[in-house]
Amino acid sequence: MPTISVITPVYKVEKYLKKCIDSILEQTFSDFELIIVDDGSPDSCGNIADEYEKIDSRVHVIHKENGGAPSARNAGMRIATGEFYFFPDSDDWIEPTYLQELYETATKTDALMVISGYTMEYFENNKGQSYKVVEPYQNYSDKELVRSNIHRYFDNMMMAVPWNKLYKAEYLKSKNLVFPNLKWDDLHFNMDVIMDIESVAICSSSGYHFFRSRQGSETTTVFDGLLYQKRREQFEHILKVYTHWNVKDPEIMSVIYGYYSARLVQCVQEIAISQSNQKRKLVKDILMDDFNITAIQSGKIQSRYLALAIFPMRMKNVSGSILMGKAMGFFKIHMSSVFYRIKSISVNHARTK
């Protein structure tokens, strides 16, 4: 039985899949199985996966009808035999010692889940750039420590995703935890994981490289009319967990509300730069909603730049919010290098506060 089951869903990533697989097979930690789930990919991904299965006995391939990343990960878990699960995305890659660092943290702490930092990779306006998100080692060895500290890992995206984590398989099975069939299922899944978890460790590695945007990929500024609805559903699920924990500490809740407020800034930005003819109504609906007002007014924004951007939203100024959103969108699209440099500084500044 392998120590780690690496489970990666594959769909329309033929240009990036080999780099991902090679980075996994070249790990210094070798006691793993790699389960590649071809989620009905219409390109050559399935064939690429099959070739690797022929040359490395650790590789196992599942071919299934397209059902989305949640169903693909769940299919992988059904045949996984490892003590731990690791869920990389198939267009990302990992540094050679990454699995070793995760596993050593897990064995050192006996944690049920290990969370690491990461390196964010961008390709915008024909330029590649990256920044690291790194947190110091921590061992939250009981429920109270987890519940009073996990809020520190929302703003930097470390809690939101599955690919920077090592999950104890026995724990997931004992709680019947699987990925829900939702858009942006990752955060929902992780909140379910930590709902009753007894220990979490933070690994100081940033050896996971997340391809946030890539050459030829769909632009990140496409308007999603359901973005606000999905962000709100995510936050309501977060609040459900904190209610379950009976956590009421004002400082913790201000950070949680600040996290949601920052997501609302993103929603307003997307609306502002969209072609929608209902911009004012959509933004007004956000600003005048009592639930959002509470978050915007009481939330602690970790980023100084987002704190500036949210100012007209706190004033319930629809025109000012749209103007700010347009300015942010223009800056992101036409000055992406500077935008991501500032974002990197912002994320790491919030980390050191």
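Salt-bridge check for D50 with K54: failed, with every basic side-chain N at 4.0 Å or more from each acidic carboxylate O.
Listed by chain and residue number, R73 satisfy the salt bridge (Lys or Arg N to Asp or Glu O under 4.0 Å) test with D186 (two or more places apart in sequence, or in another chain). When the salt bridge (Lys or Arg N to Asp or Glu O under 4.0 Å) test is applied to R58, the partners found at least two apart in sequence or on another chain are D56. Residues that satisfy the salt bridge (Lys or Arg N to Asp or Glu O under 4.0 Å) test with D289, not counting sequence neighbours, are R232. Partners of E144 under the side chain to side chain donor-acceptor pair (under 3.5 Å) rule, at least two apart in sequence or in another chain, do not exist in this structure.
K279 places a side-chain N or O within 3.5 Å of a backbone atom of A272 that can act as its donor or acceptor partner. Panel note: side chain S41, backbone K12; a donor-acceptor pair is recorded below 3.5 Å.
Classified by interplanar angle (parallel below 30°, tilted 30° to 60°, perpendicular above 60°), the ring pair F154/Y242 is tilted.
Partner W163 forms a ring pair (Phe, Tyr, Trp, His ring centres under 6.0 Å) with one of F211, W93, Y208 and no other, that one being Y208. Here the options are N164, T119, I24, V6, the test is side-chain contact (heavy atoms from CB on, under 4.5 Å), and the partner is I94; only I24 passes. A side-chain contact (heavy atoms from CB on, under 4.5 Å) with M191 is found for exactly one of M159, Q234, K240, namely M159. Partner of Y167 under the ring pair (Phe, Tyr, Trp, His ring centres under 6.0 Å) criterion, chosen from F179, F86, F189: F189.
Dense packing is recorded around CD of Q297, with more than 12 heavy atoms of other residues, nucleotides or ligands lying under 6.0 Å away. Within a 6.0 Å radius of NZ in K64, more than 12 heavy atoms belonging to other residues, nucleotides or ligands are found. Counting heavy atoms of neighbouring residues, nucleotides and ligands inside a 6.0 Å radius, atom NZ of K326 does not exceed 12 of them. A 6.0 Å sphere centred on OH of Y137 holds more than 12 heavy atoms belonging to other residues, nucleotides or ligands.
Within the structure, salt bridge (charged side-chain N to carboxylate O under 4.0 Å, His left out) contacts touching residues 246-259 (residues at least two apart or in different chains) are E251-K300. Applying the ring pair (Phe, Tyr, Trp, His ring centres under 6.0 Å) test to residues at least two apart or on different chains, the pairs with a partner in residues 26-71 are F29-Y103.
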Applying side-chain hydrogen bond (donor to acceptor under 3.5 Å, both in side chains) to N292 and Y260, what does each step give before you reach the verdict? CA-CA 9 Å; N292 296 337; Y260 177 55; 2.7 Å; yes
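The two residues G117 and Y98 make their nearest non-hydrogen contact at O-OH, 4.4 Å.
A continuous path of hydrophobic side-chain contacts links I79 to I36 [ILVMFWY only; heavy atoms under 4.5 Å].
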